[in-house]
Asks: 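Sharing a structure here in structure tokens format.
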Amino acid sequence: MPRNAASLREVERLGLYREGMAKKYLKINGVWEDHIHMVLRNEMLE
């Protein structure tokens, strides 16, 4: 989730990249929340 700074720092530390934003992606506690799609790139293909 975009507001979860600690989780974003951790996945970036692990080498994942931001791929895009999913608006109103998942309903949590009755509220539609945005989420950031994170991916691990296959450097062998680049």
Side-chain angles (χ1 to χ4, degrees):
M1 295 173 62
R3 69 174 180 269
N4 192 338
S7 289
L8 291 173
R9 279 192 307 272
E10 182 64 15
V11 296
E12 288 172 350
R13 184 188 70 79
L14 293 170
L16 282 82
Y17 299 87
R18 293 179 190 215
E19 187 175 51
M21 174 74 74
K23 298 286 188 176
K24 298 181 181 178
Y25 178 72
L26 187 61
K27 195 172 190 179
I28 301 173
N29 295 326
V31 177
W32 287 101
E33 300 280 358
D34 298 344
H35 281 71
I36 298 172
H37 286 266
M38 305 293 289
V39 297
L40 183 59
R41 294 180 185 160
N42 185 345
E43 303 295 333
M44 298 285 292
L45 298 176
E46 291 183 357

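Note that these values count all heavy atoms, side chains included, but never hydrogens, waters or copies made by symmetry.
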Asks: Can you check whether Ile28 reaches His35 side chain to side chain, under 4.5 Å on heavy atoms?
Replies: yes
Asks: Can Ile36 be reached from Leu14 by stepping across I, L, V, M, F, W or Y side chains whose heavy atoms are under 4.5 Å apart?
Replies: yes
Asks: Please output the side-chain donor-acceptor pairs of residues 16-26 that fall under 3.5 Å, not counting sequence neighbours, one pair per line with the distance.
Replies:
{"unit_1": "Arg18", "atom_1": "NE", "unit_2": "Glu12", "atom_2": "OE2", "d": "2.9"}
{"unit_1": "Arg18", "atom_1": "NH2", "unit_2": "Glu12", "atom_2": "OE2", "d": "3.3"}

Asks: I'd like to check the side chain to side chain donor-acceptor pair (under 3.5 Å) partners of Asn4; sequence neighbours left out, ordered by chain and number.
Replies: Ser7
